[in-house]
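This report concerns only the one structure given below.
Chain naming here is simple, since letters A, B, ... match the order of the sequence lines and numbering starts at 1 in each.
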Protein chains: 2
Amino acid sequence: MRQKSTERRNAILQAAFNTVCARGYYETRIDDVARAAGVAKGTVYLYFKDKPDLYVGVTVWLINQARTIIKDIARQQCSPSAKLQQVFSSWVEHLLSRPTAISLIFPEMNYHHCAITPRFRQRVMPELKKLIDDLSALVRDGIQKGEFRKIDPHLAAISFLGAFHAALLGVSRYLGGKNTPERALDIFFYGIRRSV
Amino acid sequence: MRQKSTERRNAILQAAFNTVCARGYYETRIDDVARAAGVAKGTVYLYFKDKPDLYVGVTVWLINQARTIIKDIARQQCSPSAKLQQVFSSWVEHLLSRPTAISLIFPEMNYHHCAITPRFRQRVMPELKKLIDDLSALVRDGIQKGEFRKIDPHLAAISFLGAFHAALLGVSRYLGGKNTPERALDIFFYGIRRSV
DNA sequence: ATCTATACTGACCAGTCAGTCATTATACTG
DNA sequence: CAGTATAATGACTGACTGGTCAGTATAGAT
């Protein structure tokens, strides 16, 4: 009784992630993913029901990685600010070479994928909400410790994503200036208003 | 000597904008756009070279609208902060019913559209850069008037886009909480750190 | 070693849709 | 009004790709 290989599944996931980052979902061919994973095209369908299913797999996989980073850092003994900073830096480190991956995270980008939206909603949105909850928890901790202003932790978590996004844009090929990603985090922390 | 109708061109652009916002570029059929615009499918090709050309047209059109709003507001006699706030509110007002439009603005989302990326680069990126320059000018003004911290205006402009994005997410169907868009702007202005 | 059940393969197929173009419609001119 | 040139039409076409499945390969059991 032969087993499907976890190894092969991961190879397909990784190949799909790479291709989706390079080209986007719609310009990604199953054939390309298969070739990059070193399997036959039909093999992809042994592990994933169809193309949208593969996409959902990739997105959940990415979000779980992002959450793992948060969890590891949340366990450290340092201030909430330092924790947010570390999550930020770690994420930047991971995605700097593939900024397009961020589109996997933003849901309104995924309105685009109408064919998978119901499935996306059922299987990815819960994960994404957990990601935001993880970030919210860090913010809540900071509020309780008097480090952060009294703001909605949920919105702050979402704004953190926006700041992360801006960070990637700020160093990107097309819109980049003389920035480092940390400057975007600085704006997130301190705002643009001058204190009086 | 018959002329092509500007009216018809705009109808096609508007229809394409609506469909792209509702479904994304790849789930948008030329047939759907034509029907929504009240023209035949082949007519679309009288005004736009091909599908990517239509997409570029829509994106440039949206960016120009966003810029018009900035320009109008920049002319008013009020503080730089108030100006940014008004741009923010006006944009929110325009896009609240179609948050997906924001994907037209963020370039790494458009890496997805490999078929149009070179064309996009040549025709849309210059407009997008101008949009960011317009915002940067407002920020620069605020810095000179002592209202804003000494930060890179360019990065602040990008962060403004990120904050705008977060605002839309914060009130969205999937990730929304009890927020108003203005709260995201508040975070952009004052950050999350508590002042000491 | 043989047998079995499942993994794996890749040529094939059907459906889709962007783009085409022969035909028709219509605005404009004299 | 007739003629002309261009706009507009929509059925058709061909390229493409996701998914299928008959055939092959192979791991595991006996």
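- Spacing between atom OH of B:Y26 and atom C1' of C:dT16 amounts to 15 Å, rounded to whole angstrom units.
- For A:F160 and A:F88, the distance between ring centers is under 6.0 angstrom.
- Other residues, nucleotides and ligands place no more than 12 heavy atoms under 6.0 Å from the CD atom of A:E7.
- When the options A:R149, A:K150, A:R193 are evaluated for a salt bridge (charged side-chain N to carboxylate O under 4.0 Å, His left out) with B:D186, the one that passes is A:R149.
- Under the Watson-Crick or G-U wobble criterion, with both distances below 3.5 Å, C:dG30 is paired with D:dC1.
- The backbone N or O of A:S5 lies less than 3.5 Å from a partner atom in the side chain of A:Y47, making a donor-acceptor pair.
- In this structure, the OH atom of A:Y25 is 14 Å from the P atom of D:dT17, given to the nearest Å.
- As a whole-Å value, the separation of B:D31 CG from C:dC17 P is 9 Å.
- Atom CD1 in B:I30 sits about 14 Å away from atom P in D:dT9, given to the nearest Å.
- Rounded to whole angstrom, the span from the NZ atom of A:K49 across to the P atom of D:dG18 amounts to 15 Å.
- Of all nucleotides listed (D:dG19, D:dG18, C:dC17), D:dG18 comes nearest to the side chain of A:R29.
- The side chain of A:Y47 has C:dA7 as its nearest neighbour among C:dA7, D:dG19, C:dG19.
- As a whole-Å value, the separation of A:R35 CZ from C:dG10 C1' is 12 Å.
- Closest non-hydrogen pair, A:A166 versus B:L155, comes out as O-CD1, 4.4 Å.
- Contacts of residues 37-46 of chain A with DNA chain D (heavy atom under 4.0 Å): A:K41, A:Y45.
- In this structure, CG of B:D32 is placed 12 Å from C1' of C:dA18, rounded to the nearest angstrom.
- The residues B:K130 and B:D133 are annotated as not salt-bridged, no charged nitrogen and carboxylate oxygen being separated by less than 4.0 angstrom.
- Distance, A:E7 CD to D:dA27 P: 13 Å, rounded to whole Å.
- Between B:Y26 and A:Y26, the angle of the ring planes stays under 30°, which puts this pair in the parallel group of the 30/60° scheme.
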